[in-house]
Amino acid sequence: MQIFHRSTNTISRATIFGAIFIVAVLLWASIQFQRSPYVTYAEVARPQPAPFSHQHHVAGLGIDCRYCHTSIETSSFAGIPPTKTCMNCHSQIWTGAPMLEPVRESFRTGKSLVWNRVNDLPDFVYFNHSIHINKGVGCNTCHEPVDRMPLMYNFASLQMEWCLDCHRAPEKYLRPRDQVFNMRYEQPSSGKPIVVDGKSYTEQLSLGTDLVHKYNLRSVADITSCSTCHR
Amino acid sequence: MSRRLYLRGTLLATSALLILSGCRQDMHNQPKYVPYRSSEFFQDGLSERQQLVHTVARGELHEDAYLYTGKIGIKEGDRFPFPITQAVMERGRERYDIYCSPCHSRVGDGNGMIVKRGYRQAANFHDQKYASQTVGHYYDVISHGSGAMPDYGAQIDPPDRWAIAAYIRALQYARNGAMSDVPADQRGQLKDQSEMTTKDGVPLLRAIASGGNGGPESVPVGTSPTSPHPPQPGEPQEGTQKK
């Protein structure tokens, strides 16, 4: 007895292909979802006790990163400034601004301001700022244009593939040490060469390759080894 | 038949749940203290403990009293606790530009950006009153503040404070320097102030007189405090520093 019509043969074949297609799309979608700002919080500003503007303080006033992030060159942690650092200037500037009341209150009471961490790496990644700074990784290589961020956000996904992009080929990003804190640094081009030790570079890869030797970077095998970052 | 289907469904749902549980992004917060993580154990909420009074931390014995106080007895000294080399001068310049220039300006005339934004007038290091001070005095002021100036003890390490003091001296020498002070082989690198222009082609002296040459949010783009490449408009007499 024939229950199904002949046309169902076609439908069943189409369904098999359809199923494979749907599974593939679902896989792709879940990977994209995992990389999306919804999950990584990239480019999402977090609420903070006071709406601190890096754009105003860095680009507008020309304050160096290290004025506040004092330990960045010598320690694993860049350092969040204590309230006292804010009050260095705000004891006299904008003293009545309601926006700054949490800062003043913290200074009066000695109770820490609770900032929401923006660039939050997993605890099992033993990231160290100082080594990156001292090997010629610029602030904005990872943090991107902080001097144009009225509210702070992390630019990168902070996912491992992003770390490895540089660890696998550091020459793509390295810059001379004295340019690390330059937020408007541009990689060398034929129009704007960069001179290091008397040699002029017009191309990032040749500059980067020389800096890898100059700053004694460990081999790619070493810096992509699991235990370099995970201990 | 329907029971098997049911079993399969449950199995699928469980494994999907297990896999998805790995997707939690904030799972990475381990129960340990990282810098500045708060603590529920201590009453003040800080995981980092404050130093107890009358105790000395490891490495903070400060046996060389002059290095850490700038004073001989109660009098401020006028010598450096270590030799001032080219490296120290460069460090001093870098640290000065980071921590001091916001108020004292890159050239030390006390008209930095923060002063322009309403902070009390900062000291002009070229004034006789300040120029005649000892280096120990500069060290002491950086460490403890003075007048409207807050202390920078937490931001600048003692050797760096001395390096800054040395750089302030260099700024003062440079202000009164003449071309004859410059070693003959380096004179070619120097330009007269009146011939210099800013990046936008504005004569330097006019730009200084007008208090910068841009709007309130404009910056000298492309220059970092430590950048050696573009000429530093604020330091026309560079090279006359005492090396």
Side-chain angles (χ1 to χ4, degrees), chain A residues 30 33-34 39-41 55-56 58-68 70-71 74-82 84-85 87-89 91-95 110-112 114-115 117 120-125 138 147 158-159 176-186 192 194-195, chain B residues 19-20 23-38 44-46 48 50 90 94-95 97-103 106 112-120 145 148-157 212 215-229:
Chain A
S30 63
F33 174 74
Q34 193 63 10
V39 171
T40 65
Y41 281 96
Q55 178 174 303
H56 169 67
V58 179
L61 303 176
I63 295 173
D64 192 279
C65 311
R66 291 162 287 184
Y67 186 91
C68 301
T70 50
S71 60
T74 50
S75 118
S76 65
F77 194 61
I80 300 295
K84 152 81 172 51
T85 305
M87 295 304 280
N88 277 356
C89 297
S91 59
Q92 288 190 37
I93 295 178
W94 295 109
T95 47
K111 216 164 168 296
S112 306
V114 184
W115 299 99
R117 183 137 199 185
D120 192 9
L121 278 175
D123 280 2
F124 48 74
V125 179
D147 62 330
L158 301 183
Q159 283 173 333
R177 265 181 204 149
D178 56 24
Q179 296 296 313
V180 163
F181 294 93
N182 180 356
M183 293 307 293
R184 300 284 169 94
Y185 173 83
E186 283 167 29
K192 271 187 170 179
I194 282 176
V195 182
Chain B
I19 291 167
L20 281 175
C23 294
R24 216 183 116 204
Q25 279 299 297
D26 55 349
M27 68 175 174
H28 325 289
N29 288 334
Q30 298 169 336
K32 67 177 182 187
Y33 292 138
V34 296
Y36 296 163
R37 183 164 286 172
S38 63
D44 57 6
L46 305 174
E48 250 172 272
Q50 309 286 319
E90 274 159 20
E94 186 189 73
R95 299 291 120 174
D97 286 349
I98 297 170
Y99 298 106
C100 314
S101 70
C103 288
R106 290 271 176 100
M113 184 58 102
I114 305 302
V115 169
K116 285 180 189 156
R117 295 298 172 95
Y119 207 85
R120 186 118 54 93
M149 176 177 155
D151 70 275
Y152 278 78
Q155 279 158 285
I156 313 173
D157 286 338
E217 292 284 320
S218 88
V219 249
V221 281
T223 61
S224 94
T226 54
S227 159
H229 306 301

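Keep in mind that this is a model prediction, so the values were computed, not measured. Numbers restart at 1 for each chain; the letters A, B, ... are given by sequence-line order, proteins then strands.
Across all non-hydrogen atoms, the minimal contact from A:Ser91 to B:Tyr119 is OG-OH, 4.0 Å. Closest heavy-atom contact between A:Gln92 and B:Ala148: NE2-CB, 3.1 Å. Between B:Gly118 and A:Ile93 the shortest heavy-atom distance is C-CG1, 4.2 Å. Across all non-hydrogen atoms, the minimal contact from B:Pro150 to A:Lys84 is CB-NZ, 4.0 Å. The shortest non-hydrogen separation linking A:Asn88 to B:Asp151 is OD1-O, 4.4 Å.
One distance of note links CZ of B:Arg37 with CZ of A:Arg117; it measures 8.0 Å at 0.5 Å rounding. We find the CZ-SG distance between B:Arg117 and A:Cys89 to be 11.0 Å, quoted to the nearest 0.5 Å. Taken from OG in A:Ser112 to CG in B:Asp44, the straight-line distance is 8.0 Å, to the nearest 0.5 Å. The line from OG1 of A:Thr70 to CG of B:Asp157 is 8.5 Å long, rounded to the nearest 0.5 Å. Interatomic distance, CZ of A:Phe77 versus OH of B:Tyr36, reported as 6.0 Å (0.5 Å rounding).
Proximity to chain A (any heavy atom under 4.5 Å) is restricted, for B:Arg95, to the side chain, taken from C-beta onward. Heavy-atom distances place the side chain of A:Asp120, and not its backbone, under 4.5 Å from chain B. For B:Leu46, the part sitting under 4.5 Å from any heavy atom of chain A is the side chain, from C-beta outward, and nothing else. The part of A:Ile63 that comes within reach of chain B is its side chain, from C-beta onward, which places non-hydrogen atoms under 4.5 angstrom from that chain. Both the backbone and the side chain of B:Tyr99 have a heavy atom closer than 4.5 Å to some heavy atom of chain A.
In terms of the ring-ring contact (aromatic ring centres under 6.0 Å, His included) criterion, B:Tyr33 has no residue partners (sequence neighbours excluded). Partners of B:Tyr152 by ring-ring contact (aromatic ring centres under 6.0 Å, His included), not counting sequence neighbours, listed by chain and number: A:Tyr67.
Looking at A:Arg66 and B:Gln155, their side chains never come closer than 4.5 Å, going by heavy atoms from C-beta outward. In this structure, the side chains of B:Asp97 and A:Asp64 stay at 4.5 Å or more apart for every pair of heavy atoms.
A donor-acceptor pair under 3.5 Å is formed between the side chain of B:Lys32 and the backbone N or O of A:Asp123.
Ranking B:Gly45, B:Pro35, B:Pro102 against chain A, the residue ahead of the rest is B:Pro35, based on heavy-atom pairs under 4.5 Å.
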